[in-house]
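Report on the following structure.
The basis for the numbers below is simple: all heavy atoms, side chains too, and nothing from hydrogens, waters or symmetry mates.
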Amino acid sequence: MNTKQTHFRLHIASVLFLIIMTGLMGCSDSPPEESGGQARNEKFTVPEKPTQKTVYKEEIYGDPDIFSEPRLQFVWQAPTEEKYTIWSTRLDGSDLRRVLPPDLLFAKDGVIFHLPIRSPDNRYLAVSLDSNEVMGTIKMLFDLKEKTATELGRGAYVPDFQWTSDSRFLYYYNDDGFWKYDVKSKTNHDTPVIYSSGLFILNDDRFVSLHHDYYEVYSKERKKLFEKSINYGVIAHSFQTVANDGSMIFCVVGGKEQPFSIIFNLNNPEKVYYKAADTIYSSPAFDLSNKRLYFSNGSVEYLDIKTKKETQVFTLPGGTIAHLSMLNPLN
């Protein structure tokens with residue numbers, strides 16, 4: 001089997017696994033949260049019964065008050081709205097703000113399909129939209145300062161958007177290529193492909209490529225540094241993340257036994273920091289200190305990696321909260 005076929009089949013397997021995991025989460029013994037209630041955090045300003053005239057605050061790029069501390073970005077369908085859009089809050093769930101207006105986000109129609117990723121300086125937002133216009137998705141880049149949109153490409157594959165630390169270059173998959181977009185020159189470059197079912201950049205000099213039962217680490221010149229087996233089962237694409245300092249990998253695996261969540265050392269997968277089958281952590285995101293793993297199982301919660309304690313942070317009325325990622329504070 002050639003590498004392109006492998007890449008395609010791994011993504012298909014991930015989608016099937018996601019469907020299975022969604023079904024498992026739906027079988028929980030816990031009663032569902034009521035969708036019409038007030039958010040639990042008292043700092044919320046979301047009205048208990050939003051109307052068509054409800055106006056939500058907007059995130060303002062570079063605002064020193066809004067970005068005085070880290071924020072959590074996520075996808076959520078507000079009550080009375082037809083589509084999921086992109087939002088952010090402080091880590092305690094306060095200061096809910098819409099990241100960009102729906103008319104700009106959906107200028108080319110479609111729905112949000114994969115994890116939206118913000119640049120480290122919070123100016124740019126990469127989004128993958130599923131649309132009836134194309135086979136696959138439309139990859140979009142939004143400039144939150146200038147309020148502009150750029151189409152990066154159309155085609156198959158999960159994009160796995162990844163930014164360099166200076167916020168200048170965006171890597172992503174599209175069709176059978178692996179692209180590097182330069183936001184300064186506004187040019188796109190086809191680069192040597194690293195096949196994976198989950199890709200992460202570490203410190204601008206390493207790529208971590210996850211596969212269904214192993215992972216590889218490459219240099220920025222695409223030289224393979226090492227490969228490690230994961231003797232746990234199949235990794236689900238939408239249930240994985242890597243700590244920003246490259247110390248840990250989180251993923252949900254299944255296949256050889258009941259699906260479970262696990263956090264292990266990047267250099268030594270036998271060194272396990274956490275493993276549990278009673279909670280499936282979807283939409284995972286490490287905080288900037290790598291001491292907590294935020295996730296969403298309808299509401300936003302976090303796992304304290306050292307104490308193994310889970311804490312519910314907040315809920316929102318309306319649709320499920322999903323696709324979490326961490327935003328940097330202003331320097």
Side-chain angles (χ1 to χ4, degrees), residues 15 18-19 22 25-26 32-39 44-61 71-89 93 95-118 122 124-144 146-161 172 174 237-238 282-283 285 295-300 314-325 327:
V15 172
L18 175 59
I19 294 172
T22 302
M25 288 187 289
E33 297 288 342
E34 294 184 3
S35 61
Q38 174 76 0
F44 272 113
T45 58
V46 179
E48 186 172 350
K49 295 182 179 180
T51 69
Q52 294 288 354
K53 296 182 179 180
T54 299
V55 177
Y56 297 97
K57 294 185 294 184
E58 291 192 0
E59 187 184 289
I60 303 170
Y61 167 74
R71 295 179 68 85
L72 195 65
Q73 179 177 279
F74 53 89
V75 172
W76 171 61
Q77 184 181 10
T80 75
E81 295 190 2
E82 296 181 354
K83 291 184 176 182
Y84 280 81
T85 54
I86 303 171
W87 306 77
S88 74
T89 66
D95 193 35
L96 174 70
R97 292 178 181 269
R98 192 190 297 274
V99 171
L100 76 167
D103 58 344
L104 178 60
L105 175 59
F106 301 116
K108 295 184 179 292
D109 199 20
V111 294
I112 299 168
F113 203 60
H114 301 112
L115 177 67
I117 293 292
R118 192 85 67 96
N122 297 316
Y124 300 98
L125 177 65
V127 181
S128 175
L129 297 172
D130 185 30
S131 172
N132 293 329
E133 296 182 7
V134 298
M135 288 292 292
T137 57
I138 305 174
K139 283 75 175 179
M140 298 293 300
L141 182 65
F142 298 95
D143 185 333
L144 302 181
E146 302 297 334
K147 301 296 183 184
T148 59
T150 301
E151 182 176 320
L152 298 174
R154 301 183 176 203
Y157 297 138
V158 179
D160 283 333
F161 295 119
Y172 65 98
N174 189 53
H237 197 127
S238 297
S282 62
S283 300
F295 62 95
S296 173
N297 284 336
S299 61
V300 172
F314 67 92
T315 61
L316 283 173
T320 298
I321 301 168
H323 290 320
L324 306 186
S325 60
L327 302 183

So, the side chain of Ser282 versus the backbone of Ser296: is there a donor-acceptor pair under 3.5 Å, distance only? yes
Residues Asp109 and Lys83 bridged, charged N to O under 4.0 Å: yes
Between CG of Asp95 and CG of Leu72, what distance do you get to the nearest 0.5 Å? 12.5 Å
Going through the checks in order, is the side-chain contact (heavy atoms from CB on, under 4.5 Å) test met by Ile321 and Leu316? CA-CA 8 Å; Ile321 301 168; Leu316 283 173; 3.9 Å; yes
Tell me whether the rings of Trp76 and Tyr56 are parallel (<30°), tilted (30 to 60°) or perpendicular (>60°). perpendicular
How many angstroms lie between CD1 in Ile60 and CG in Leu144, if you round to the nearest 0.5 Å? 12.0 Å
Stepwise, does the side-chain contact (heavy atoms from CB on, under 4.5 Å) test hold for Arg118 with Val99? CA-CA 10 Å; Arg118 192 85 67 96; Val99 171; 3.5 Å; yes
Can you check whether Lys108 reaches Ser131 side chain to side chain, under 4.5 Å on heavy atoms? no
Looking only at non-hydrogen atoms, find the nearest pair between Thr320 and Gly298 and report the distance. CG2-CA, 3.7 Å
So, taking the atom named OH in Tyr172 and the one named NE2 in His114, what distance separates them when rounded to the nearest 0.5 Å? 14.5 Å
Rounded to the nearest 0.5 angstrom, the CG-OG1 distance for Leu141 and Thr148 is 8.0 Å
Spatial distance of atom NZ (Lys57) from atom CH2 (Trp87) [nearest 0.5 Å]: 11.5 Å
Geometric class of the Phe314/Phe74 ring pair [parallel <30°, tilted 30-60°, perpendicular >60°]: tilted
Which distance, rounded to the nearest 0.5 Å, do you find between the CG of Asn174 and the CZ of Arg154? 10.5 Å
Taking CZ in Phe113 as the centre, count heavy atoms belonging to other residues, nucleotides or ligands within less than 6.0 Å. Is the count above 12? no
Going through the distances and angles, do Arg98 and Leu105 end up as a side-chain contact (heavy atoms from CB on, under 4.5 Å)? CA-CA 11 Å; Arg98 192 190 297 274; Leu105 175 59; over 6 Å; no
Show the numbers, then the answer: is there a side-chain contact (heavy atoms from CB on, under 4.5 Å) between Gln73 and Glu59? CA-CA 11 Å; Gln73 179 177 279; Glu59 187 184 289; 5.6 Å; no
Partner of Leu100 under side-chain contact (heavy atoms from CB on, under 4.5 Å), chosen from Asp143, Thr85, Leu125, Val127: Leu125
Closest non-hydrogen contact found for Ala285 with Ser325 is CB-CA, 4.0 Å
Closest approach of Asp130 and Gly136, non-hydrogen atoms and distance? OD1-O, 3.4 Å
Side chain Ser283, main chain His323, donor-acceptor under 3.5 Å: yes
Tested for side-chain contact (heavy atoms from CB on, under 4.5 Å) against Met140, the lone hit among Thr150, Leu129, Leu152 is Leu129
Close side-chain approach of Phe161 to Lys139, heavy-atom, < 4.5 Å: yes
Can you check whether Glu146's main-chain N or O pairs, donor with acceptor, with Tyr61's side chain at less than 3.5 Å? no
